[in-house]
Structure formats: C-alpha cells, structure tokens
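The structure under discussion appears below in the form of structure tokens.
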Amino acid sequence: MQSCSVRASHFDLVKTLDSGQVFHWEKYADGFVGTIEQVPVYVEQRGSTLKVSCNGAEQSPGRVIRQYFALDHPLKKICASFPPDAAMNQARDFCRGLRIIRQPKWECLATFICSSMKQVAHIRQISRALRQRYGRKLIICGITTYDFPGAGRLARASEEELRVCGLGYRAKNLLATSRRVATGEAHLEAWNALPDDELRARLCELPGVGAKVANCVMLFAYERIAAFPIDVWIERVLRQNYFARKRKVTPRKLAEFAAGYFGEYGGYAQQYLFHYARLMKRRADPY
DNA sequence: CTCCAGGGATGAT
DNA sequence: ATCATCCATGGA
C-alpha cells in the first residue's frame, strides 16, 4: 500500500463528493473509501492537505489524486467568472471548494443512464449493487470495495439480472449501451476529440441518453466545463430566479438562456446552484 | 403535447 | 405507525 500527502488548496472534499456528480464514495473513518479506475483509494482531508492511501496505482498516488479531483482547475478564476446575481452569489459562497472532478468515461455514462428519474440515494444504491455484483473486489485499509464493471462485463449480463440491482426500466438501456461500447461501435475515448455539439449528438444516440444525461457525461467525464445539465432542481432554480412570474418558458428557452448567461464555466455555475438548492431544501424544514 | 416506467428515501399526518 | 410524494429522464 502506498500513502502520501497531497496539497489541495481551494478544495472541499466533502462538498465535492456529496454534490451529486459521483455516487460511489463511502464515508469511512475520517475520510472516504472509493475507487479511481481500478485503484482502491482512501482519502481524507486535513485543512488544505489530502491524506491518501491506495493500492497498485501505476502512477504516483499524488498524480492520480490531483488528476481525479481536478486540483489544477483555476477555481478562483472560475468563481470570478460567475454572473453577479443574488442566487449565484449565495451558491458560490455556500459551495466554496467544490470542484468538478474527472471521472472515468464509461463509469460516468453508465451511472447517469441509471440516474434517470431516481433520487441521489437510489443512484448510490444502484452503483453499489452493480459494483458488488459485477466489479472486481479490492481491499484498501482493510476495507472491501469494488471497481465499476467494464462495458464488456455488463454486456454479458441479462436484462433480468440487471433489474435485480434496482434498475427497473433502465436495465434495458444500460444493457443496450453496454453492448455498443463493448463492441467498439461507441468509442468513448475516441470521442474525446469531438467538438461539444458533435460529442453531445454522439452521446444522445445511445439508448437511455438524452440531452440531460449527455450534458452530465460531458461535464463530469469529458471536462466540457461549459456543459449545463438541466434537471428538476436546476429547472426550479432557473425559473424562480431568472424567469419569475413568466409563463410558457420552454426547456429549449431555458437551455439557451443558461448557455448564454453563465458563460464559459457554466457547468461549474450549474453544479454550485444544484448543490446549494439541494442542501438548502434538506435543512430548510424545522422552522 | 401527453403519458408512463422501479422503488426506496423522504416528508406528511 | 401508515400513506403520499419525489426523483441529476428518455422514449413512445
């Protein structure tokens, strides 16, 4: 096992892992256990330092962590680029240190196909079930974890078998997309070279992938930082704050507004608005 | 445009 | 305690 310290300024591990962009990290001791590709990882934050342990990384643990958590993103510059309205200012203040991480492409795509019309707690359960049933067993700090199964492994499963993992009607879509990726008909790595619009079009051809899921995958796995996924929460935020008492605002109109208003780091703005809205709802009750 | 497809966490009572 | 609502939606 390798251990090391990684300097991480302008970074909040808890906010980053709890913001609905990644679903498999589990709280353990003072940190989290999870995987990065096939590497089991334990990570905990002490101030502006990350204490990291991992098993069998080809590159140095520090490199892996800096890449995965996008510690090179210019967060101060990104936050300074946000439009200066009240909603955005509150979200930026609340989400200080939240970064958009670089996820493995297949894992991200598969997970967000499973996310449709599910709550975050459900998505976490599905992710755990798929990993336990189809992933490789890995040990870190005496804790058992599992990597995310490759498309080839899931392509060999049956729809009924996948339904056992709690996927419901999504099983059919995950299976169909797994097969396209496994055969190479959909070459996720090669799509890295495509411009945003073409990449979005390719992703939307996959079963279970519409504009929203495509934008999530672009943002969380292809580092297309301007991509702006619009889910139920973000739609509420946009309508309340930017289209107050206006009728007949179509989804297309919302998307066009978001693309123009939030700028080149729109994906970050979206993530901050999403996380702020979701956590406010969770606490805004006792009174 | 509408309607529907798991199911469990979460909230209401 | 039970019951209703909600959900990082896509497809028909």
Side-chain angles (χ1 to χ4, degrees), chain A residues 15-27 91 95 98 100-101 103 105 107-130 133 158-178 180 186 200-222 224-239 247-255 258 262 266-287:
Chain A
K15 285 192 176 71
T16 298
L17 293 183
D18 195 34
S19 65
Q21 58 178 315
V22 65
F23 302 94
H24 77 277
W25 292 89
E26 307 272 5
K27 279 180 188 150
C95 297
L98 197 170
I100 290 181
I101 69 177
Q103 298 186 45
K105 293 179 174 57
E107 171 182 325
C108 183
L109 171 62
T111 304
F112 275 95
I113 286 174
C114 300
S115 78
S116 86
M117 215 47 201
K118 281 280 188 191
Q119 299 189 158
V120 169
H122 289 148
I123 302 166
R124 295 180 61 84
Q125 289 174 4
I126 292 172
S127 171
R128 185 160 48 242
L130 288 173
R133 183 173 276 257
S158 68
E159 184 181 330
E160 286 310 311
E161 201 181 347
L162 289 175
R163 277 177 178 265
V164 176
C165 299
L167 274 85
Y169 63 91
R170 301 158 195 81
K172 185 175 191 145
N173 291 330
L174 180 61
L175 183 57
T177 293
S178 295
R180 287 203 203 176
R200 187 178 292 105
R202 288 285 89 73
L203 289 168
C204 285
E205 289 171 2
L206 298 170
V209 180
K212 193 274 172 182
V213 170
N215 277 321
C216 283
V217 176
M218 290 173 68
L219 179 59
F220 301 135
Y222 284 86
R224 308 301 170 103
I225 297 303
F228 198 99
I230 299 178
D231 74 316
V232 172
W233 291 91
I234 286 296
E235 182 166 342
R236 278 199 290 259
V237 169
L238 292 181
R239 287 184 188 281
R247 303 177 302 109
K248 226 183 155 184
V249 182
T250 63
R252 183 186 176 90
K253 194 78 179 170
L254 285 177
F262 293 101
Y268 259 95
Q270 176 278 152
Q271 197 63 20
Y272 280 36
L273 290 170
F274 173 84
H275 187 59
Y276 178 64
R278 213 168 68 85
L279 262 61
M280 278 304 99
K281 188 85 171 189
R282 220 150 67 175
R283 312 200 170 218
D285 237 305
Y287 301 97

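Here the structure is a predicted model, which means the values were calculated and not measured. Side chains included, hydrogens not; waters and symmetry mates left out as well; all remaining heavy atoms used. We name chains A, B, ... by the order of the sequence lines, and we start the count at 1 in each one.
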Below 3.5 Å, can you tabulate the donor-acceptor pairs from side chains in residues 211-220 of chain A to any protein atom, sequence neighbours excluded?
| from | atom 1 | to | atom 2 | distance (Å) |
| --- | --- | --- | --- | --- |
| A/Asn215 | OD1 | A/Arg200 | NE | 3.0 |
| A/Asn215 | OD1 | A/Arg200 | NH2 | 3.1 |
| A/Asn215 | ND2 | A/Ala211 | O | 3.2 |

A/Arg236 CZ to C/dT9 P, straight-line distance once rounded to whole Å: 11 Å
message: Reading DNA chain C from 5' onward, which residue's closest nucleotide shows up sooner: A/Ala214 or A/Val232?
response: A/Val232
task: Could you pull out all residues at least two apart from A/Arg163 that satisfy salt bridge (charged side-chain N to carboxylate O under 4.0 Å, His left out)?
output: A/Glu159
task: Using a cut-off of 6.0 Å, state whether more than 12 heavy atoms not belonging to A/Lys172 lie near its atom NZ.
output: no
message: For a quick check of understanding: with a heavy-atom distance under 4.0 Å over all strands, which category does A/Gly208 fall into, base, sugar-phosphate or nothing?
response: sugar-phosphate
message: Measure CG/A/Asp18 against P/C/dA8 and give the value in whole Å, please.
response: 12 Å
message: Taking the nucleotide of DNA chain C with the nearest heavy atom to each, does A/Trp233 or A/Pro207 sit closer to the 5' end?
response: A/Trp233
query: In whole Å, what is the span from the CD atom of A/Gln103 to the P atom of C/dA8?
result: 16 Å
- prompt: When the distance from CZ of A/Phe274 to P of C/dC7 is rounded to whole Å, what number comes out?
  reply: 10 Å
query: What is the ring orientation for A/Phe228 with A/Phe262, classed by angle as parallel under 30°, tilted 30 to 60°, or perpendicular over 60°?
result: parallel
field: Sugar-phosphate, base or nothing in reach of A/Ala211, heavy atoms under 4.0 Å
entry: sugar-phosphate
query: Do A/His24 and A/Thr111 have side-chain heavy atoms sitting under 4.5 Å apart?
result: no
DNA chain B-proximal residues of residues 119-129 of chain A, any heavy atom under 4.0 Å: A/Gln119, A/Ala121, A/His122, A/Gln125
- prompt: Got A/Val164 and A/Glu160 here, is their nearest side-chain heavy-atom distance under 4.5 Å?
  reply: no
Is there any protein nitrogen or oxygen under 3.5 Å from a nitrogen or oxygen in nucleotides 2-5 of chain B, and what are the pairs?
none

message: Less than 4.5 Å apart, side chain to side chain, heavy atoms only: is that true for A/Tyr169 and A/Ser116?
response: yes
message: Does A/Phe220 reach a base, just sugar-phosphate, or nothing at all? Heavy atoms under 4.0 Å.
response: base
B/dG6 versus C/dT5 - spacing of their C1' atoms, nearest Å: 15 Å
field: A/Gln103: side chain to side chain donor-acceptor pair (under 3.5 Å) partners, not counting sequence neighbours
entry: none
task: Verify the distance criterion only: is there a donor paired with an acceptor across the side chains of A/Gln21 and A/Ser19 at less than 3.5 Å?
output: yes
query: Please give, in whole Å, the distance from C/dT5 C1' to A/Lys281 NZ?
result: 11 Å
- line: The reported gap from CG in A/Leu254 to CZ in A/Arg239 (rounded to nearest 0.5 angstrom) is 5.0 Å
query: Is there side-chain contact between A/Val209 and A/Asn173, with heavy atoms separated by less than 4.5 Å?
result: no
task: Would you indicate which nucleotide in B/dG6, C/dT9, C/dA8 comes nearest to any side-chain atom of A/Val213?
output: C/dT9
field: Interatomic distance, A/Leu167 CG vs B/dG8 C1' [rounded to whole Å]
entry: 14 Å
- prompt: With a 4.5 Å limit on heavy-atom distance, are the side chains of A/Leu206 and A/Ile113 in contact?
  reply: no
task: Assess whether one donor atom and one acceptor atom, taken from the side chain of A/Lys212 and the base of C/dG10, lie less than 3.5 Å apart.
output: no
- prompt: Once you round it to whole Å, what is the distance between P of C/dA8 and CZ of A/Arg278?
  reply: 7 Å
Paired and unpaired positions of DNA chain C as dot-bracket, Watson-Crick or G-U wobble under 3.5 Å, | denoting a partner strand: |||||||.||||
field: Distance-only donor-acceptor test (3.5 Å): side chain A/Gln271, base C/dA8
entry: yes
- request: Determine, step by step, whether A/Arg180 and A/Glu205 satisfy the salt bridge (Lys or Arg N to Asp or Glu O under 4.0 Å) criterion, reporting the C-alpha distance in whole Å, the side-chain angles of both residues, the deciding distance to 0.1 Å, and the verdict.
  value: CA-CA 11 Å; A/Arg180 287 203 203 176; A/Glu205 289 171 2; 5.5 Å; no
query: On a whole-Å scale, what distance lies between the C1' atoms belonging to B/dT2 and C/dA8?
result: 23 Å
query: Over how many whole Å does the gap from A/Gln270 atom CD to C/dA8 atom C1' extend?
result: 8 Å
task: Remember a base hit wins even if backbone is also touched, and classify A/Thr111 as base, sugar-phosphate or nothing at under 4.0 Å, heavy atoms.
output: nothing
